[in-house]
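This report concerns only the one structure given below.
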There are 2 protein chains.
Amino acid sequence: MRALTALSERSVPTVSSEELAAAAGVNSAKLRKDFSYLGSYGTRGVGYDVEYLVYQISRELGLTQDWPVVIVGIGNLGAALANYGGFSARGFRVAALIDADPAMAGKPVAGMSVQHTDDLEKIIEENGVSIGVIATPAGAAQQVSERLIAAGVTSILNFAPTVLSVPEGVDVRKVDLSIELQILAFHEQRKAGEEAAAAAAGGSSVGGAAPAAAVVPPAGRSAAETRKGGPEGDVPAVMPA
Amino acid sequence: MRALTALSERSVPTVSSEELAAAAGVNSAKLRKDFSYLGSYGTRGVGYDVEYLVYQISRELGLTQDWPVVIVGIGNLGAALANYGGFSARGFRVAALIDADPAMAGKPVAGMSVQHTDDLEKIIEENGVSIGVIATPAGAAQQVSERLIAAGVTSILNFAPTVLSVPEGVDVRKVDLSIELQILAFHEQRKAGEEAAAAAAGGSSVGGAAPAAAVVPPAGRSAAETRKGGPEGDVPAVMPA
DNA sequence: AGGTGTGAAGGTGTTCACAGCC
DNA sequence: GGCTGTGAACACCTTCACACCT
């Protein structure tokens, strides 16, 4: 979608699956197959009409609708989200900012006036909100989610570091910022391990030029097979000590 | 890992793959197979020693190390990240907060003093930082990333709404907050579509009780097969108008 | 000639089911 | 008897390759 939008902005009229795939960094066959699930929107010998394709995909993804959302918990994170430009650009409209702190009520954040939690139900109903964003502290999250759901919200984006328990039919997506860092740290560790291994081995490996994006299981497979000793001071399968 | 930590806090000594799988919401066979890649850390007839398993997985994931990180761009989002408790809890230490605005320099955020971009290289080198977090506006992100990388950073968590281009060997993870909302909106749209379809069909479907977590391609497959008409006012494959 | 749409081949990831150990 | 560790079966996803359309 990003690649398509870029083409659209450059007023490119049509793309072949090959060109678009290259721009998006994927395989052209995959792209064609994916598009085929939406329908036959291409023209053989020509390619896909960019504008038409943008429209079809947008609609399929629900981006042609305008989704009102509320943000509950206007601390640093809530304020950051309220100011985040990406939302309005993608069809989301921040209908209200809600905080439990009476001192926050009435304060202007991102050009809106913060409202108090007391009015949560009213706000949701009046604006027909079905998506709520929780940016409260962990302790408040579960309770907030219950009130949101009771008022009619059926999708929740949860930034609080808690697992919410919600009734069936309600979607929750949890954003855990530290998990992203953990993933980076994991790869960082592997980089260090590979360097060390390479240095120790002294270059006896075959094509050891640039093992950039290694994947986990296969790498340690054979090592794991042999080392079945047990729980005493042994070495991790995927990374040499 | 979350499920394990919870057990550890409740001082549960051992778990079977079955119990842990239920707690984590996954299949027990998958869990055993995944663990087997790390080694044979379980005891047949008994299960896994919780503490030992926590340690092994932590080490494998690189969580036993202390990772210094810098946050560049101390606006709302940067401040929110600096205050985010989850980082220190998972072995990350915020080594410095950096902002380009001279007015920010010296200001206290999350108990630290914000430093100016001029000192970026010095800070990175002195603290041995290999992971950087970019929370600047889109326009500054690419340049910041280049300075970070030149100074020795090899992993970047990018919150700015831009695609960074970086040399090989550098990992970038992009967090796009609006994508999460888009995913919720997509499911939300499908919920609405299903309701409408159910209402229209009047209950003639077979087991139409609760099609909670539907997946995309299969659903619209047969419909897509028949509708090959072409680009005039037709209906999306996966969602009835 | 150029490029889509798609059956078929090829991979990868998941689950089953059971031998083997405690 | 209970539970792990793992080959084998299975399901799903990706890629190939080519018939068919413009």
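All values below come from the heavy atoms of this structure, side chains included, with hydrogens, waters and symmetry mates left out. Per chain, numbering begins at 1; letters A, B, ... match sequence-line order. The shown structure was predicted, so the numbers you read here are calculated from the model rather than taken from an experiment.
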Is any N or O donor-acceptor pair between the side chain of A:R44 and the base of D:dT22 shorter than 3.5 Å? no

Comparing A:G45 and A:K33 on DNA chain D - which has the more 5′ nearest nucleotide: A:K33

Let me know the distance between [atom1] of [X] and [atom2] of [N], rounded to the nearest Å.
X: A:D34; N: D:dC13; atom1: CG; atom2: C1'; answer: 10 Å
X: A:D49; N: D:dT22; atom1: CG; atom2: C1'; answer: 15 Å
X: B:L38; N: D:dT4; atom1: CG; atom2: P; answer: 15 Å
X: A:Y52; N: C:dT4; atom1: OH; atom2: C1'; answer: 15 Å
X: A:L31; N: C:dG3; atom1: CG; atom2: P; answer: 14 Å
X: B:L20; N: D:dC3; atom1: CG; atom2: P; answer: 13 Å
X: A:E19; N: C:dG2; atom1: CD; atom2: P; answer: 13 Å

At under 4.0 Å between heavy atoms, what does A:F35 touch on the DNA or RNA strands: base, sugar-phosphate, or nothing? nothing

Whether [X] contacts [N] is assessed here as follows: a side-chain N or O lying under 4.0 Å from the phosphate OP1 or OP2. Is that the case?
X: A:S17; N: C:dT4; value: yes
X: B:K30; N: C:dT14; value: yes
X: A:Y48; N: C:dG2; value: no
X: B:N27; N: C:dG13; value: no

Pair A:Y55-A:E51, side-chain donor/acceptor within less than 3.5 Å: no

Might you confirm whether atom CD of A:Q143 has over 12 heavy atoms from other residues, nucleotides or ligands at distances under 6.0 Å? no

What nucleotide among D:dT6, D:dT15, C:dG5 has an atom nearest to a side-chain atom of A:A29? D:dT15

Minimum-distance nucleotide to B:S40 side chain [options: D:dC3, D:dT15, D:dG5]: D:dG5

Quick one: does any side-chain atom of B:E19 pair with a main-chain N or O of B:S16 as donor and acceptor, under 3.5 Å? yes

If we ignore hydrogens and angles and just use 3.5 Å, is the side chain of B:Q189 paired with the main-chain N or O of A:E60 as donor and acceptor? yes

Are A:R190 and B:D171 within salt-bridge range, i.e. N to O under 4.0 Å? no

